[in-house]
Amino acid sequence: MTDSPAASLALLGGQPEITTPAPHFSWPPIDSRDIEAVTGQLTEAVSIPDRSGIVADLEVALAAWLGVRHVVTTSTGTAALHSMYAAAGIGPGDEVLVPALTFHATATPLLHLGARPVLVDVNADGQLGLATAASLVSPRTKALVAVHLWGLPENADALAAFAGEHGVMLLEDGSHAHGASWNGRLVGTYGRAAAFSLNGPKPLAAGEGGFVATDDTELYYRLLLHGQYNKRCRTEIPAGHRLAKYATTGQGLKLRIHPLAAALARAQLHRLEGYLTGRAACAERLCAALEDVPGLRVPRLGPAARASWYALPLRYESAALGGLPLARFLAAVHAEGATEVDHPGSTRPLGDHPLFHAPRELIPHYPVGQDTALGGCRGAASVHASTLKLPVWHRPEDSALADAYTAALAKVARHHKELL
Ligand SMILES: *Cc1c(COP(=O)(O)O)cnc(C)c1O
């Protein structure tokens with residue numbers, strides 16, 4: 001298959017590998033069950049001020065799925081993170097260890113609470129560097145947040161040991177990782193509390209939405225007071241509780257999920273396990289096809305890890321392709337029609353964002369003199385600079401598309417000299 005004109009690169013005038021029009025991946029998959037659930041909800045209730053109806057159904061179902069005592073749904077994952085940090089008692093002067101490579105919303109709510117995000121560099125495999133984290137613990141360190149990037153679970157045992165050893169609270173941002181697990185233990189159950197997004201592309205998606213999961217009943221009451229004021233607080237916080245007097249106003253923020261989003265999330269949750277099984281098979285297929293392609297390294301998961309495969313992160317090794325820059329490689333892959341191969345834009349080193357360098361210009365109450373600890377974080381920079389991600393399809397009928405994607409990647413790698 002070397003030198004026929006059809007085999008030359010599309011970027012250089014050859015035939016593209018994929019001619020099916022984009023998009024090649026859309027999420028969440030919507031079928032008649034979703035349409036029934038959402039339209040049914042339209043006539044049932046579109047505003048739910050207490051924990052009843054679809055909001056209660058969804059929270060009960062999420063809590064049962066995770067095996068936790070409490071779930072509070074929210075308008076977004078960002079709101080879930082904000083509520084989780086607030087409810088965990090994180091405030092001015094506190095330090096929170098955050099992976100240096102994540103979506104910015106893992107850390108931005110901390111700025112609003114006046115807490116100091118302390119960035120922890122990631123290892124070569126993109127996972128939180130616990131030795132580095134240990135060196136950053138101070139008397140002000142209150143918590144460590146684990147993010148299971150792209151749905152590849154962090155080592156839960158190591159995280160729990162770290163939290164115990166250093167006396168810090170373990171929290172999770174499970175927004176990429178619904179259903180991922182470590183040694184059979186689901187992401188979202190490792191620590192004191194976990195926040196999840198239900199945003200459009202996430203493994204469990206409601207368009208917009210989020211939730212916090214916890215076994216801690218006090219934290220649960222504080223979640224309600226943070227973003228679910230009035231009825232929920234009045235009916236769920238016991239009258240004799242010290243904070244019950246605040247029930248009507250809470251903290252004054254209203255971060256409730258929309259009932260139509262809750263209905264969609266509830267319908268999707270029934271199918272999550274099927275999605276994950278399908279994605280695991282697809283990820284295996286993609287990795288097998290790419291394993292021997294020079295310049296691309298597939299992720300290796302140990303036997304303890306089950307991923308949600310929010311995406312398949314590949315590491316691009318330009319040295320193996322004569323120094324071909326990632327951007328040029330990616331342009332050639334896109335020209336082949338594999339348009340959903342992506343170099344992550346917003347999930348990048350947090351130190352890249354001006355907000356973390358100068359938060360007070362936008363958040364004037366951020367404590368003066370409390371700089372965010374951005375560190376060097378060369379691991380995060382190099383992992384990000386060399387990451388390409390692929391969609392992971394869940395339906396067997398998308399295998400041909402998955403194969404076409406890996407064929408496009410292999411073709412560009414094979415012809416890399418023509419791009420130099
Ligand atoms: C999507 C995401 C968020 C934010 O969730 P939204 O629902 O978009 O507000 C937070 N953290 C991570 C890791 C995410 O991927």
Side-chain angles (χ1 to χ4, degrees), residues 27-28 58 62 71-86 88 90 96-113 117 119-120 122 126-128 143-154 159 170-180 187-188 190-191 193-213 223 226-227 253-258 260-262 264-265 268-269 279 307-313 342-350 352-353 355-356 380 383-384 387 389 391-392:
W27 199 261
L58 176 60
L62 288 168
V71 164
V72 177
T73 48
T74 55
S75 52
T76 62
T78 306
L81 285 153
H82 192 180
S83 283
M84 174 176 76
Y85 294 138
I90 291 166
V96 177
L97 300 167
V98 179
L101 180 62
T102 180
F103 184 66
H104 50 78
T106 303
T108 46
L110 295 168
L111 302 175
H112 291 269
L113 294 166
L119 304 193
V120 181
V122 299
Q127 299 231 308
L128 194 75
L144 165 73
V145 194
V147 181
H148 312 277
L149 211 62
W150 312 123
L152 278 51
E154 292 277 333
L159 288 170
L170 180 58
L171 299 170
E172 291 177 80
D173 178 352
S175 297
H176 288 188
H178 315 68
V187 160
Y190 298 178
F196 287 83
S197 170
L198 295 169
N199 185 237
K202 306 298 162 76
L204 180 64
E208 295 289 356
F211 63 95
V212 182
L223 289 171
H226 185 256
L253 298 179
K254 189 175 183 228
L255 306 173
R256 295 203 299 244
I257 195 169
H258 196 292
L260 299 184
L264 179 54
Q268 290 284 319
L269 181 59
R279 282 181 175 198
S308 67
W309 297 114
Y310 176 47
L312 177 74
D342 176 44
H343 177 54
S346 50
T347 297
R348 60 183 310 122
L350 294 183
D352 288 358
H353 302 295
L355 183 66
F356 293 100
V383 170
H384 174 257
T387 295
K389 65 183 176 69
V392 183

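Just follow the structure's listing: the first ligand is 1, and inside any ligand the first atom is 1.
Here the closest non-hydrogen pair linking T102 and L149 is CA-CD1, 4.1 Å.
Using modelled atom types, no side-chain atom of W150 and backbone atom of W309 make a donor-acceptor pair closer than 3.5 Å. In terms of modelled atom types and a separation under 3.5 Å, the side chain of S197 and the main chain of S175 share no donor-acceptor contact. Looking at S83, its side chain never comes within 3.5 Å of a backbone N or O of A80 through a donor-acceptor pair.
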TODO: Please test V147 against F103 for side chain to side chain contact (heavy atoms under 4.5 Å, CB included), starting from the C-alpha separation and ending with a verdict.
DONE: CA-CA 9 Å; V147 181; F103 184 66; over 6 Å; no
Can you give me a line-by-line list of nitrogen or oxygen pairs between ligand 1 and the protein shorter than 3.5 Å?
| from | atom 1 | to | atom 2 | distance (Å) |
| --- | --- | --- | --- | --- |
| ligand 1 | 5 (O) | S197 | OG | 3.2 |
| ligand 1 | 7 (O) | G77 | N | 2.7 |
| ligand 1 | 7 (O) | S197 | OG | 2.6 |
| ligand 1 | 9 (O) | G77 | N | 3.3 |
| ligand 1 | 9 (O) | T78 | N | 2.8 |
| ligand 1 | 9 (O) | T78 | OG1 | 2.5 |
| ligand 1 | 11 (N) | D173 | OD2 | 2.7 |
| ligand 1 | 15 (O) | H176 | NE2 | 2.8 |
| ligand 1 | 15 (O) | K202 | NZ | 2.9 |

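Taking the six-membered ring for Trp and the full ring otherwise, H148 and H176 have centroids separated by 6.0 Å or more.
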